[in-house]
Amino acid sequence: MKKTKKGKRNSVQELLGIQRFTRYGLQTDQGELVFFRVAPTNISVLSRMNIENKISHLKDLLSVEPDTEVICTDSCECFDDNREYLRRRAMEESNPKVRKLLEQDRKMLTQMQAEMANAREFYLVKRYTDLKPEMVFTLSNTTMKNISDYGFETERLGKDQIK
């Protein structure tokens, strides 16, 4: 990481160009970002035809909202370090009952991670440049309506949700 002239390290916000929170999103060096969370669809229970329809709706939505950025995050925690700690700790433990408990904890973490492995979160992000807050509000409402019209459940994120 580069140090600034004063010898201070850049913050993550500085590196990403984040300036401040706005009424509707996040102001960056390259415009205001407004975030929309889209509820995921469990496609494992959909027919092939319904999956193709969902894909078609998403393509249509992205053509209507061409400057939309898509973010997919993994909302699960990574338990690898904790599992490794429990494994090492069990190897060092001389009491067999404690060793058994440590192994049970390690198996529980493995199971938790497997259950959470498909916990994905999807976001659509719109970038607005050089617009007054009223215009950002109007355009983001139009985006929300378009997302809903194409069959996706959505909500605009507020400051606490963006954090």
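Side-chain atoms of Gln161 come within 3.5 Å of backbone N or O of Gly158 as a donor-acceptor pair. Counting only distance, with no hydrogens or angles, the side chain of Glu14 and the backbone of Ser11 share a donor-acceptor pair below 3.5 Å.
Grouping the Ile, Leu, Val, Met, Phe, Trp and Tyr side chains by contacts below 4.5 angstrom, directly or via other members, places Tyr85 with Val98. Cluster membership for Val125 and Leu16, using ILVMFWY side-chain heavy atoms within less than 4.5 angstrom, is shared. When the side chains of ILVMFWY residues are joined at heavy-atom separations under 4.5 Å, either directly or via intervening members, Ile147 and Leu33 end up in two distinct hydrophobic clusters. Under the 4.5 Å side-chain contact rule for hydrophobic residues, Val64 and Met144 share a cluster. When hydrophobic clusters are built by joining Ile, Leu, Val, Met, Phe, Trp and Tyr residues whose side-chain heavy atoms come closer than 4.5 Å, directly or via intermediates, Val38 is not grouped with Phe35.
In this structure the side chain of Phe36 never reaches within 4.5 angstrom of the side chain of Leu157, judged on heavy atoms. Residues Met49 and Asn53 form a side-chain contact, since some pair of their non-hydrogen atoms from C-beta on lies under 4.5 Å apart. Under the 4.5 Å side-chain criterion, counting only non-hydrogen atoms from C-beta, Tyr123 is not in contact with Val70. Looking only at side-chain heavy atoms (C-beta outward), Val136 and Pro133 stay at 4.5 Å or farther from each other. Residues Arg99 and Glu103 fail the side-chain proximity criterion, which asks for heavy atoms closer than 4.5 Å.
For residues 128-163, the set of pairs meeting the ring-ring contact (aromatic ring centres under 6.0 Å, His included) definition, not counting sequence neighbours, comprises Tyr24-Phe137. Applying the salt bridge (charged side-chain N to carboxylate O under 4.0 Å, His left out) test to pairs two or more places apart or on separate chains, those with a residue in residues 18-38 are Arg37-Glu155. Residue pairs meeting the salt bridge (charged side-chain N to carboxylate O under 4.0 Å, His left out) criterion with at least one partner in residues 134-146, sequence neighbours excluded, are Lys145-Asp149.
For the pair Ser140 and Val34, the tightest heavy-atom approach, listed with the atom from each and the gap, is CB-CG1, 4.0 Å. When all heavy atoms of Arg83 and Leu109 are compared, the closest pair comes out as CG-CB, 3.8 Å. Closest approach of Ser148 to Thr154, counting heavy atoms only: OG-CG2, 4.0 Å. Here the shortest heavy-atom pairing between Thr22 and Leu26 reads OG1-N, 3.8 Å. Heavy-atom minimum distance, Glu65 versus Lys126: OE1-NZ, 2.9 Å. Of all the heavy atoms in Asp60 and Ser63, the pair that sits closest is O-OG, 2.7 Å.
In this structure, CD in Gln30 is found 5.0 Å from CZ in Arg127, a value given to the nearest 0.5 Å. Atoms CZ and CG, on Arg89 and Asp105 in that order, are 11.0 Å from each other to the nearest 0.5 Å. Annotation: the span from Thr143 atom OG1 to Leu124 atom CG amounts to 9.0 Å, rounded to 0.5 Å. For the atom pair CD1 (Ile18) and CD (Gln27), the distance works out to 11.0 Å, reported to the nearest 0.5 Å. Considering CG of Leu86 and CE of Met108, their distance stands at 8.0 Å, rounded to 0.5 Å. To the nearest 0.5 Å, atom CE of residue Met135 and atom CG of residue Asp130 are 12.5 Å apart.
Residues Asn141 and Arg156 have side chains that bring a donor and an acceptor to within less than 3.5 angstrom of each other.
Salt-bridge formation is detected for the pair Glu84/Arg87: a Lys NZ or Arg NE/NH1/NH2 atom is positioned less than 4.0 Å from an Asp or Glu carboxylate oxygen. We find that Arg48 and Glu52 are joined by a salt bridge, their nearest charged nitrogen and carboxylate oxygen being less than 4.0 Å apart.
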